**Q** 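My structure is below; once you've seen it, I'll send some questions.
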Number of protein chains: 2
Amino acid sequence: MAHDHSELLKKIRNDMPADELLQDLGDLFKIFGDTTRIKIMYALYEGEMCVCAISELLNMTQSAISHQLKTLKDANLVSSRRDGKEIYYSLSDEHVKSIIAEGFEHITE
Amino acid sequence: MAHDHSELLKKIRNDMPADELLQDLGDLFKIFGDTTRIKIMYALYEGEMCVCAISELLNMTQSAISHQLKTLKDANLVSSRRDGKEIYYSLSDEHVKSIIAEGFEHITE
DNA sequence: TCCTCATATGATTACTTGCTCATATGTTCA
DNA sequence: TGAACATATGAGCAAGTAATCATATGAGGA
(Lines give C-alpha, C1' and ligand atoms only; values in the text may rest on other atoms or scores of the structure.)
Protein backbone atom coordinates (compact mmCIF):
# COMPACT_ATOMS: atom_id res chain seq x y z
CA MET A 1 0.00 0.00 0.00
CA ALA A 2 3.10 2.15 0.11
CA HIS A 3 2.55 5.84 -0.39
CA ASP A 4 -0.49 7.82 0.65
CA HIS A 5 -3.66 7.74 -1.45
CA SER A 6 -6.15 8.74 1.22
CA GLU A 7 -7.28 11.96 -0.42
CA LEU A 8 -7.85 10.35 -3.81
CA LEU A 9 -9.53 7.33 -2.30
CA LYS A 10 -11.85 9.43 -0.19
CA LYS A 11 -13.02 11.29 -3.27
CA ILE A 12 -13.52 8.17 -5.36
CA ARG A 13 -15.29 6.27 -2.60
CA ASN A 14 -17.68 9.16 -2.41
CA ASP A 15 -18.46 9.09 -6.12
CA MET A 16 -18.70 5.31 -6.64
CA PRO A 17 -22.14 3.71 -6.74
CA ALA A 18 -23.06 1.31 -3.94
CA ASP A 19 -21.47 -2.12 -3.98
CA GLU A 20 -24.80 -3.81 -4.48
CA LEU A 21 -25.50 -1.78 -7.60
CA LEU A 22 -22.09 -2.59 -9.06
CA GLN A 23 -22.75 -6.25 -8.32
CA ASP A 24 -26.06 -6.08 -10.19
CA LEU A 25 -24.31 -4.36 -13.06
CA GLY A 26 -21.76 -7.16 -13.27
CA ASP A 27 -24.53 -9.75 -13.14
CA LEU A 28 -26.31 -8.04 -16.01
CA PHE A 29 -23.25 -7.97 -18.24
CA LYS A 30 -22.55 -11.58 -17.35
CA ILE A 31 -25.77 -12.48 -19.16
CA PHE A 32 -24.49 -10.73 -22.27
CA GLY A 33 -21.15 -12.49 -21.95
CA ASP A 34 -22.14 -15.66 -23.74
CA THR A 35 -22.27 -16.09 -27.49
CA THR A 36 -25.35 -18.29 -27.48
CA ARG A 37 -27.34 -15.76 -25.49
CA ILE A 38 -26.09 -12.89 -27.65
CA LYS A 39 -27.24 -14.80 -30.72
CA ILE A 40 -30.65 -15.45 -29.22
CA MET A 41 -31.09 -11.77 -28.39
CA TYR A 42 -29.96 -10.77 -31.84
CA ALA A 43 -32.36 -13.24 -33.40
CA LEU A 44 -35.19 -11.60 -31.47
CA TYR A 45 -34.26 -8.15 -32.80
CA GLU A 46 -36.87 -8.37 -35.53
CA GLY A 47 -39.64 -9.88 -33.45
CA GLU A 48 -40.79 -12.92 -31.52
CA MET A 49 -39.72 -16.47 -32.26
CA CYS A 50 -40.74 -19.86 -30.92
CA VAL A 51 -38.19 -22.07 -29.19
CA CYS A 52 -37.86 -24.57 -31.99
CA ALA A 53 -37.20 -21.82 -34.53
CA ILE A 54 -34.39 -20.47 -32.37
CA SER A 55 -32.84 -23.88 -31.89
CA GLU A 56 -33.05 -24.51 -35.62
CA LEU A 57 -31.50 -21.12 -36.35
CA LEU A 58 -28.58 -21.67 -34.01
CA ASN A 59 -28.32 -25.35 -34.78
CA MET A 60 -28.44 -26.28 -31.13
CA THR A 61 -30.58 -28.68 -29.10
CA GLN A 62 -33.96 -27.57 -27.83
CA SER A 63 -32.80 -28.23 -24.30
CA ALA A 64 -29.76 -25.98 -24.55
CA ILE A 65 -31.89 -23.16 -25.94
CA SER A 66 -34.54 -23.63 -23.28
CA HIS A 67 -31.95 -23.36 -20.53
CA GLN A 68 -30.55 -20.15 -22.00
CA LEU A 69 -34.02 -18.70 -22.46
CA LYS A 70 -34.69 -19.33 -18.80
CA THR A 71 -31.51 -17.43 -17.92
CA LEU A 72 -32.57 -14.54 -20.14
CA LYS A 73 -36.08 -14.53 -18.75
CA ASP A 74 -34.89 -14.59 -15.14
CA ALA A 75 -32.85 -11.50 -15.95
CA ASN A 76 -35.91 -9.81 -17.45
CA LEU A 77 -34.28 -9.53 -20.84
CA VAL A 78 -36.88 -11.57 -22.71
CA SER A 79 -40.59 -12.28 -22.27
CA SER A 80 -42.70 -15.18 -23.46
CA ARG A 81 -46.27 -15.93 -24.44
CA ARG A 82 -47.91 -19.22 -25.19
CA ASP A 83 -49.81 -19.87 -28.40
CA GLY A 84 -51.11 -23.41 -28.45
CA LYS A 85 -48.25 -25.82 -28.09
CA GLU A 86 -45.65 -23.23 -28.91
CA ILE A 87 -44.09 -20.58 -26.75
CA TYR A 88 -42.95 -17.37 -28.36
CA TYR A 89 -40.10 -15.32 -26.94
CA SER A 90 -39.37 -11.65 -27.55
CA LEU A 91 -37.07 -8.95 -26.19
CA SER A 92 -38.42 -7.38 -23.01
CA ASP A 93 -37.40 -3.82 -23.78
CA GLU A 94 -35.24 -1.56 -25.90
CA HIS A 95 -32.37 -1.58 -23.40
CA VAL A 96 -31.27 -4.92 -24.74
CA LYS A 97 -30.72 -3.42 -28.15
CA SER A 98 -28.96 -0.32 -26.90
CA ILE A 99 -26.59 -2.30 -24.68
CA ILE A 100 -25.66 -4.55 -27.58
CA ALA A 101 -25.34 -1.54 -29.86
CA GLU A 102 -22.86 0.12 -27.49
CA GLY A 103 -20.79 -3.03 -27.33
CA PHE A 104 -20.87 -3.26 -31.08
CA GLU A 105 -19.49 0.22 -31.47
CA HIS A 106 -16.51 -0.64 -29.34
CA ILE A 107 -15.81 -3.78 -31.35
CA THR A 108 -16.12 -2.24 -34.78
CA GLU A 109 -14.14 0.91 -34.27
CA MET B 1 -37.67 -28.79 -35.41
CA ALA B 2 -41.28 -29.58 -36.19
CA HIS B 3 -43.07 -27.05 -38.36
CA ASP B 4 -41.55 -24.95 -41.08
CA HIS B 5 -39.52 -21.85 -40.24
CA SER B 6 -37.45 -21.64 -43.39
CA GLU B 7 -38.75 -18.26 -44.54
CA LEU B 8 -38.23 -16.60 -41.16
CA LEU B 9 -34.84 -18.21 -40.69
CA LYS B 10 -33.65 -17.15 -44.10
CA LYS B 11 -34.51 -13.54 -43.33
CA ILE B 12 -32.90 -13.56 -39.91
CA ARG B 13 -29.76 -15.33 -41.10
CA ASN B 14 -29.42 -12.61 -43.66
CA ASP B 15 -29.65 -9.83 -41.09
CA MET B 16 -27.50 -11.34 -38.32
CA PRO B 17 -23.88 -10.23 -37.99
CA ALA B 18 -21.16 -12.77 -38.69
CA ASP B 19 -20.54 -15.43 -36.09
CA GLU B 20 -17.07 -14.13 -35.39
CA LEU B 21 -18.39 -10.68 -34.61
CA LEU B 22 -21.01 -12.06 -32.24
CA GLN B 23 -18.28 -14.07 -30.57
CA ASP B 24 -16.21 -10.93 -30.08
CA LEU B 25 -19.24 -9.16 -28.69
CA GLY B 26 -19.77 -11.91 -26.15
CA ASP B 27 -16.11 -11.80 -25.20
CA LEU B 28 -16.33 -8.05 -24.66
CA PHE B 29 -19.34 -8.29 -22.38
CA LYS B 30 -17.67 -11.13 -20.51
CA ILE B 31 -15.04 -8.62 -19.41
CA PHE B 32 -17.77 -6.41 -17.97
CA GLY B 33 -19.37 -9.38 -16.28
CA ASP B 34 -17.22 -9.33 -13.17
CA THR B 35 -17.73 -7.05 -10.20
CA THR B 36 -14.03 -6.50 -9.55
CA ARG B 37 -13.42 -5.35 -13.11
CA ILE B 38 -16.52 -3.16 -13.06
CA LYS B 39 -15.24 -1.53 -9.89
CA ILE B 40 -11.81 -0.95 -11.40
CA MET B 41 -13.31 0.69 -14.46
CA TYR B 42 -15.57 2.81 -12.32
CA ALA B 43 -12.63 3.87 -10.19
CA LEU B 44 -10.86 5.05 -13.32
CA TYR B 45 -13.84 7.20 -14.34
CA GLU B 46 -12.26 10.29 -12.83
CA GLY B 47 -8.73 9.70 -14.08
CA GLU B 48 -5.69 7.49 -13.83
CA MET B 49 -4.70 5.51 -10.74
CA CYS B 50 -1.70 3.44 -9.81
CA VAL B 51 -2.08 -0.26 -9.03
CA CYS B 52 -1.56 0.05 -5.31
CA ALA B 53 -4.20 2.77 -5.04
CA ILE B 54 -6.71 0.53 -6.80
CA SER B 55 -5.91 -2.43 -4.58
CA GLU B 56 -6.24 -0.24 -1.51
CA LEU B 57 -9.54 1.15 -2.78
CA LEU B 58 -11.03 -2.27 -3.42
CA ASN B 59 -9.34 -3.86 -0.44
CA MET B 60 -7.88 -6.63 -2.56
CA THR B 61 -4.38 -8.00 -3.02
CA GLN B 62 -2.02 -6.35 -5.49
CA SER B 63 -1.77 -9.64 -7.35
CA ALA B 64 -5.50 -9.98 -7.86
CA ILE B 65 -5.72 -6.42 -9.15
CA SER B 66 -2.75 -6.91 -11.46
CA HIS B 67 -4.33 -9.98 -12.98
CA GLN B 68 -7.58 -8.14 -13.63
CA LEU B 69 -5.75 -5.14 -15.06
CA LYS B 70 -4.06 -7.48 -17.48
CA THR B 71 -7.43 -8.81 -18.58
CA LEU B 72 -8.73 -5.28 -19.06
CA LYS B 73 -5.62 -4.23 -20.94
CA ASP B 74 -5.71 -7.26 -23.24
CA ALA B 75 -9.26 -6.23 -24.11
CA ASN B 76 -8.12 -2.68 -24.86
CA LEU B 77 -10.34 -1.25 -22.18
CA VAL B 78 -7.54 0.33 -20.15
CA SER B 79 -4.10 1.74 -20.93
CA SER B 80 -1.08 2.15 -18.73
CA ARG B 81 1.94 4.40 -18.40
CA ARG B 82 4.93 4.06 -16.14
CA ASP B 83 6.07 6.85 -13.86
CA GLY B 84 9.10 5.74 -11.90
CA LYS B 85 8.25 2.66 -9.90
CA GLU B 86 4.56 3.10 -10.32
CA ILE B 87 2.31 2.22 -13.22
CA TYR B 88 -0.76 4.31 -13.81
CA TYR B 89 -3.85 2.88 -15.46
CA SER B 90 -6.63 4.80 -17.17
CA LEU B 91 -9.67 4.04 -19.33
CA SER B 92 -8.75 3.58 -22.97
CA ASP B 93 -11.74 5.37 -24.44
CA GLU B 94 -15.21 6.70 -23.82
CA HIS B 95 -16.88 3.48 -24.92
CA VAL B 96 -16.21 1.99 -21.53
CA LYS B 97 -18.28 4.69 -19.89
CA SER B 98 -21.12 4.49 -22.39
CA ILE B 99 -21.37 0.71 -22.14
CA ILE B 100 -21.53 0.90 -18.37
CA ALA B 101 -24.02 3.75 -18.60
CA GLU B 102 -26.34 1.69 -20.79
CA GLY B 103 -26.19 -1.20 -18.37
CA PHE B 104 -26.89 1.15 -15.51
CA GLU B 105 -30.03 2.42 -17.17
CA HIS B 106 -31.43 -1.05 -17.44
CA ILE B 107 -30.69 -1.77 -13.79
CA THR B 108 -32.12 1.43 -12.37
CA GLU B 109 -35.32 1.62 -14.35
C1' DT C 1 -58.35 -41.16 -22.95
C1' DC C 2 -54.11 -41.91 -25.45
C1' DC C 3 -50.62 -40.34 -28.44
C1' DT C 4 -47.77 -36.80 -30.28
C1' DC C 5 -45.62 -32.46 -30.43
C1' DA C 6 -43.41 -28.32 -28.04
C1' DT C 7 -41.14 -26.91 -24.16
C1' DA C 8 -39.18 -27.09 -19.31
C1' DT C 9 -36.23 -28.92 -15.88
C1' DG C 10 -33.02 -31.64 -12.81
C1' DA C 11 -28.60 -34.06 -12.56
C1' DT C 12 -24.15 -34.74 -14.34
C1' DT C 13 -19.92 -33.45 -16.57
C1' DA C 14 -16.30 -30.83 -18.93
C1' DC C 15 -14.62 -26.49 -19.11
C1' DT C 16 -13.82 -21.79 -17.67
C1' DT C 17 -12.42 -18.40 -14.35
C1' DG C 18 -10.98 -15.44 -10.26
C1' DC C 19 -8.24 -15.60 -6.43
C1' DT C 20 -3.98 -17.03 -3.78
C1' DC C 21 0.75 -18.05 -3.14
C1' DA C 22 5.29 -17.87 -4.57
C1' DT C 23 8.39 -15.73 -7.40
C1' DA C 24 10.13 -12.84 -11.24
C1' DT C 25 10.86 -8.25 -13.35
C1' DG C 26 11.93 -3.56 -13.19
C1' DT C 27 12.87 0.99 -10.91
C1' DT C 28 14.95 4.11 -7.42
C1' DC C 29 18.23 5.32 -4.12
C1' DA C 30 22.10 4.80 -0.97
C1' DT D 1 26.00 -3.10 -6.53
C1' DG D 2 22.50 -4.21 -3.23
C1' DA D 3 18.27 -3.27 -0.74
C1' DA D 4 13.54 -1.79 -0.84
C1' DC D 5 9.47 -0.84 -3.29
C1' DA D 6 5.87 -1.40 -7.19
C1' DT D 7 4.13 -4.40 -10.38
C1' DA D 8 3.76 -8.69 -13.29
C1' DT D 9 3.23 -13.50 -13.88
C1' DG D 10 2.86 -18.67 -13.58
C1' DA D 11 0.87 -22.66 -11.16
C1' DG D 12 -2.80 -24.49 -8.53
C1' DC D 13 -7.34 -24.75 -6.56
C1' DA D 14 -12.20 -23.90 -5.65
C1' DA D 15 -16.32 -22.10 -7.43
C1' DG D 16 -19.23 -21.15 -11.31
C1' DT D 17 -21.29 -22.41 -15.83
C1' DA D 18 -22.97 -24.20 -20.46
C1' DA D 19 -24.09 -28.25 -22.84
C1' DT D 20 -25.94 -33.06 -22.57
C1' DC D 21 -29.04 -36.70 -21.32
C1' DA D 22 -33.08 -38.32 -19.40
C1' DT D 23 -37.40 -37.17 -18.03
C1' DA D 24 -41.41 -34.19 -16.74
C1' DT D 25 -45.13 -30.95 -18.00
C1' DG D 26 -48.63 -29.23 -20.88
C1' DA D 27 -51.42 -28.54 -25.07
C1' DG D 28 -54.01 -30.38 -29.25
C1' DG D 29 -56.05 -33.94 -32.02
C1' DA D 30 -57.85 -38.74 -33.02
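Throughout, protein chains are lettered first and strands after them, A, B, ... in sequence-line order, and every chain is numbered starting at 1. Predicted model only: the values in this text are computed from it and were never measured.
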**Q** Report yes if a side-chain nitrogen or oxygen of Arg37(B) is closer than 4.0 Å to either non-bridging phosphate oxygen (OP1 or OP2) of dG18(C); otherwise report no.
**A** yes
**Q** Has Ser66(B) got a side-chain N or O lying under 4.0 Å from the OP1 or OP2 atom of dT7(D)?
**A** no
**Q** Distance check needed: dT20(C) P versus Gln68(B) CD, whole Å only.
**A**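 These atoms are roughly 11 Å apart.
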**Q** Which whole-number value in Å describes the distance from Glu86(B) CD to dC5(D) P?
**A**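 Value for this atom pair: 13 Å.
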**Q** Any side-chain N or O of Thr36(B) below 4.0 angstrom from OP1/OP2 of dC19(C)?
**A**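 Yes, because at least one side-chain N or O of Thr36(B) sits under 4.0 Å from OP1 or OP2 of dC19(C).
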**Q** Can you say whether the rings of Phe29(A) and Phe32(B) are parallel (under 30°), tilted (30 to 60°) or perpendicular (over 60°)?
**A**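 Tilted.
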**Q** Specify the separation, in whole Å, of atom CZ of Phe32(B) and atom C1' of dT17(C).
**A** 18 Å
**Q** Using heavy-atom distances to pick each residue's nearest nucleotide on DNA chain C, tell me which of Gly84(B) and Tyr88(A) is more 5'.
**A** Tyr88(A)
**Q** Going by atom types only, do Ser98(A) and Glu102(B) share a side-chain donor-acceptor pair under 3.5 Å?
**A** yes
**Q** How many whole angstroms separate atom CD1 of Ile87(A) from atom C1' of dC5(C)?
**A**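 Ile87(A) atom CD1 is separated from dC5(C) atom C1' by 13 Å.
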**Q** Check whether any side-chain N or O of Tyr89(A) sits under 4.0 Å from OP1 or OP2 of dA8(C), and answer yes or no.
**A** yes
**Q** Calculate the interatomic distance between Gln62(A) atom CD and dC5(C) atom P; express it in whole Å.
**A**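 After rounding, the gap between these two atoms is 14 Å.
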**Q** Check the geometry between His67(B) and dC19(C) and answer yes if their rings are stacked (centres below 5.5 Å, planes below 30°), otherwise no.
**A** no
**Q** Rounding to a whole Å, what distance do you find between Lys85(A):NZ and dA6(C):P?
**A** 5 Å
**Q** Taking any heavy-atom pair under 4.0 Å as a contact, classify Lys30(A): base, sugar-phosphate, or nothing.
**A**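 Here Lys30(A) touches the backbone only, sparing every base.
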**Q** Evaluate the side-chain proximity of Ile99(B) to Leu28(B): yes if any heavy-atom separation is below 4.5 Å, no if none is.
**A** yes
**Q** Do Ser90(B) and Ser79(B) have side-chain N/O donor and acceptor atoms under 3.5 Å apart?
**A**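 Ser90(B) vs Ser79(B): no donor-acceptor pair found between side chains.
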**Q** Rounding to a whole Å, what distance do you find between Asn59(B):CG and dT20(C):P?
**A**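 After rounding, the reported distance stands at 10 Å.
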**Q** Quick check: on DNA chain C, is the nucleotide nearest Ser80(A) upstream (toward 5') of the one nearest Ala64(B), or the reverse? Name the residue that is more 5'.
**A** Ser80(A)
**Q** Checking all strands, does Thr61(A) fall into the base, sugar-phosphate, or nothing category for heavy-atom contacts under 4.0 angstrom?
**A** sugar-phosphate
**Q** Take the protein atom NE2 of His5(A) and the nucleotide atom P of dC5(D), then report the distance between them rounded to whole Å.
**A**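 To the nearest whole Å, that distance equals 14 Å.
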**Q** Is there a side-chain contact between Glu109(A) and His106(A) (heavy atoms, below 4.5 Å)?
**A**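 Touching, per the 4.5 Å side-chain cut-off.
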